[in-house]
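Labels below follow one simple rule: chain letters A, B, ... track the order of the sequence lines, proteins then strands, and each chain is numbered from 1.
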Amino acid sequence: MSVVAKQKEQLCSAIEAAIKAAQASGELELTSVPEIGLEVPRDTSHGDFASNIALVTAKAAKRAPREVAQIIVRHLPAGDIIRDVEVAGPGFINFFLSNQWLYDTIRVIEREGFSYGNSEHGAGEKILLEFVSANPVGPMNVVNARAAAVGDTLARLFRAAGYTVGTEFYVNDAGNQADVFARSLEARFQQLTDPDRPFPEDGYPGDYVAELASILKREHPELGALSLEDRLAFCKRWGTDKMVEMQREDLKNYGVEFDLWFRERELHEQGALEEAIKFLQDRGLLFEAEDALWFKSTEFGDDKDRVIVKSDGSFTYVTADIAYHHDKLKRGYTKLIDIWGPDHHGYIGRMKAAIQALGYSEDTLEVLILQYVALLRNGQQVKMSKRAGEFITMQDLVEEVGKDAARFFFLHRSPESHLDFDLDLAVEQSNENPVFYVQYAHARIASILRQAGEMGVSLPNCGQVDLELLTHDSELAMLKQMAALPEEMLTAALQREPHRMTRYALELASLFHSFYAHCHILGEQEQLRDARLVLVTQVKCVLQKVLDILGVDAPEQM
RNA sequence: GCGCCUGUAGCUCAGGGGAUAGAGCAUCGGACUUCUAAUCCGAGUGCCGCAGGUUCGAUUCCUGCCAGGCGCGCCA
């Protein structure tokens with residue numbers, strides 16, 4: 001249990017005892033006591049912990065909230081952790097504790113090191129997190145970059161929370177778009193020998209297709225001799241493979257590596273679609289109409305039924321997706337989380353229906369919808385057009401602003417918010433850029449520790465120092481922030497809110513910079529110096545931990 | 001028409017039944033003989049989109065409306 005949770009538990013039982021004592025003495029008439037809420041107030045003048053229990057119970061007790069608070073406070077059992085109690089505002093009970101719990105926090109961090117903040121909350125649950133899943137027919141875009149950052153950091157948060165996590169990129173290499181891409185590639189291939197060869201009207205215009213065609217020509221000159229059909233089939237397989245390689249490389253440079261790249265074509269080759277259809281058929285969930293085969297998704301709350309096999313005999317995208325999700329479930333995952341772009345939200349109903357048709361509860365599938373990213377340059381929105389080739393890819397973005405800034409920017413916003421990405425700002429590498437602020441705090445500590453070593457000062461551990469020397473406001477503020485990490489990480493995971501972690505990192509960095517300006521370390525007398533060395537060593541550890549969750553580097557030097 | 005997301009300081013965004021609604025940037029004024037000034041300290045700014053409702057208490061929850069973004073294919 002975290003130090004904070006332990007304090008809360010102690011305070012809760014103290015309040016509970018006080019209420020019971022007040023009831024026994026007849027001062028408080030309450031038939032039932034609700035769960036006692038305790039929070040760490042934003043404003044430190046409101047104590048280390050505060051409870052709104054008097055506000056909540058005032059009505060049932062038929063007394064004014066402040067009065068109830070006074071009664072509870074009067075009956076609080078004497079204890080050693082509570083330094084002071086006050087009734088404040090409309091009826092809050094504010095608790096001021098001795099600093100021991102903060103010094104305990106240092107001991108815990110030193111003991112747990114890099115695993116500080118982790119928990120076993122998700123033990124026994126297997127989460128499959130699917131994200132990005134960009135079609136292997138072109139470069140990835142900035143929403144893909146946003147999804148990659150959010151998905152990857154969520155995966156790290158889930159792992160830290162004790163879940164078993166698999167991350168997957170679903171490669172849609174068997175659909176219409178893959179066929180269009182194959183025709184585009186084939187046409188560019190032909191144009192290398194016959195420049196007048198027409199290009200498909202719906203083909204992909206990007207230069208990357210022509211570049212790929214040149215490579216294809218070099219590696220497989222024999223292709224010209226094949227039949228058109230065979231050549232297209234080859235282009236489809238070879239081309240999507242190449243695109244997947246490029247995507248994998250781009251994502252790796254971005255700090256994102258998937259456990260599995262799942263190929264749609266393998267579902268087709270294994271007959272998984274037919275199998276899924278049979279599964280639904282056996283349960284009477286399909287029907288024929290207008291020469292097509294339909295899935296009765298409305299039986300599970302979808303707003304219309306969906307075509308599974310088109311009138312021309314081919315499958316729809318949903319069919320493969322049902323087979324894919326069935327596959328995930330058969331692999332033993334207990335929770336499927338998909339991260340999609342905003343243009344897919346209309347898809348949620350049919351997939352949730354499919355999950356239920358497959359025999360699982362609706363909330364086995366959870367879909368997180370990301371909102372669009374608008375790129376700004378010179379204060380103007382960058383207009384993008386695939387047709388005109390004016391298109392900022394994920395790779396462009398990462399090259400321009402760097403992996404760390406890109407990830408931090410995306411993670412700094414709540415996932416469902418529309419995001420304005422100011423390219424000038426991210427590029428500036430100035431103090432406007434929050435990621436440097438955090439990294440600088442880490443580098444500053446590294447520098448202090450380096451210099452301590454150069455001075456021949458060996459780094460002490462907390463058993464060797466007097467932690468009670470740490471009494472400066474800025475020191476206590478850092479300790480409080482560090483004590484809050486386990487709860488913050490768990491909340492970020494459970495609420496799927498990775499932006500909590502960027503905010504946490506900024507706050508801790510800010511507290512450190514303030515401390516740095518007010519307190520010296522190496523010049524202080526030995527005992528204080530050593531206590532502060534222990535403190536900043538732990539701050540560095542926590543910063544590194546949080547940056548790691550964000551997938552951002554923690555530099556030793558800047 | 002229906003569905004999803006958003007509307008909070010000049011800008012970008014947090015917060016989310018309760019204490020005077022927060023942060024960064026921008027603006028202005030201070031701080032480097034001393035561990036990195038990519039830093040710190042200080043100052044001002046709000047019909048929390050509008051209107052009702054629930055509540056002791058609403059920026060937060062409910063309903064309606066307004067504005068912006070995006071969906072509503074036998075595309076993916």
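- Contacts classified as salt bridge (charged side-chain N to carboxylate O under 4.0 Å, His left out) and involving residues 505-516 of chain A (residues at least two apart or in different chains) are not found.
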Polar-atom pairs under 3.5 Å, protein N or O versus N or O of nucleotides 71-73 of chain B: list them with distances, or write none.
{"unit_1": "B:rC72", "atom_1": "O2'", "unit_2": "A:Lys304", "atom_2": "NZ", "d": "3.4"}
{"unit_1": "B:rG73", "atom_1": "OP2", "unit_2": "A:Lys304", "atom_2": "NZ", "d": "3.2"}

Does the pair A:Ser297 and A:Asp302 meet the rule for a side-chain hydrogen bond (donor to acceptor under 3.5 Å, both in side chains), with working shown?
CA-CA 5 Å; A:Ser297 55; A:Asp302 195 9; 2.9 Å; yes
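- For A:Tyr516, the side chain to side chain contact (heavy atoms under 4.5 Å, CB included) test picks out A:Arg444, A:Ile448, A:Phe512, with sequence neighbours left out.
- The CG-C1' distance, from A:Leu419 to B:rA14, rounds to 13 Å in whole Å.
- Between B:rC47 and B:rC72, the distance separating the two C1' atoms is 36 Å to the nearest Å.
- Contacts of A:Ala50 with the nucleic acid, taken as non-hydrogen atoms under 4.0 Å apart, include base atoms.
- One interatomic measurement links the two molecules: CG of A:Asp43 to P of B:rG22, which rounds to 9 Å at whole-angstrom precision.
- As rounded to whole Å, 15 Å separates atom C1' of B:rG18 from atom CZ of A:Arg42.
- Contact annotation: A:Ser514 side-chain N/O to B:rC41 OP1/OP2 distance is under 4.0 Å.
- Within the nucleic acid shown, A:Ser414 comes within 4.0 Å of sugar-phosphate atoms alone, with no base atom in reach, counting heavy atoms only.
- A:Arg265 and A:Asp241 are joined by a salt bridge, as a carboxylate oxygen and a charged side-chain nitrogen come within less than 4.0 angstrom of each other.
- B:rC62 and B:rU20 have their P atoms separated by 25 Å, given to the nearest Å.
- Donor-acceptor pairing under 3.5 Å, judged by distance alone, is present between the side chain of A:Asn94 and the base of B:rA19.
- In this structure, A:His418 does not pack face-to-face on the six-membered ring of B:rG69, missing the 5.5 Å centre cutoff or the 30° plane limit.
- A straight line from CZ of A:Phe436 to P of B:rC40 spans 16 Å, rounded to a whole angstrom.
- Nucleotides B:rU12 and B:rG7 have their C1' atoms positioned 14 Å apart, rounded to a whole Å.
- Counting atom types as modelled, A:Ser311 pairs a side-chain N or O with a base atom of B:rC74 as donor and acceptor under 3.5 Å.
- Spacing between B:rC4 and B:rA9 at atom P, rounded to whole Å, works out to 26 Å.
- The ring of A:Tyr317 has its center closer than 6.0 angstrom to the ring center of A:Tyr347.
- Set against B:rU12, B:rA14, B:rC74, the side chain of A:Lys310 has B:rC74 as its closest nucleotide.
- Comparing the C1' positions of B:rA38 and B:rG57 gives an interatomic distance of 45 Å, to the nearest angstrom.
- Across all strands shown, A:Gln439 has no heavy atoms under 4.0 Å from either base or sugar-phosphate atoms.
- Summarising the geometry, the separation between CD on A:Gln381 and C1' on B:rU12 is reported as 14 Å, rounded to the nearest angstrom.
- Looking at A:Glu186 and A:Arg183, no side-chain N of the basic residue comes within less than 4.0 Å of a carboxylate O on the acidic one, giving no salt bridge.
- A distance below 6.0 Å separates the ring centres of A:Phe258 and A:Phe169.
- A salt bridge does not link A:Asp305 to A:Lys296: none of the charged side-chain nitrogens sits closer than 4.0 Å to a carboxylate oxygen.
- Among the heavy atoms of the strands, none lies under 4.0 Å from A:Ala374.
- The salt bridge (charged side-chain N to carboxylate O under 4.0 Å, His left out) pairs that include a residue from residues 37-54 of chain A are A:Asp48-A:Lys480, where partners are two or more places apart or lie in different chains.
- A:Phe262 is linked by a ring pair (Phe, Tyr, Trp, His ring centres under 6.0 Å) to A:Tyr324, counting only residues two or more places apart in sequence or in another chain.
- Stem analysis of RNA chain B (Watson-Crick or G-U pairs, both distances under 3.5 Å, runs of at least three) returns B:1-7 with B:66-72, B:10-13 with B:22-25, B:27-31 with B:39-43, B:49-53 with B:61-65.
- Glycosidic conformation of B:rC65: anti, with the torsion beyond 90° of 0.
- A distance of about 38 Å separates the C1' atoms of B:rG10 and B:rC56, rounded to the whole Å.
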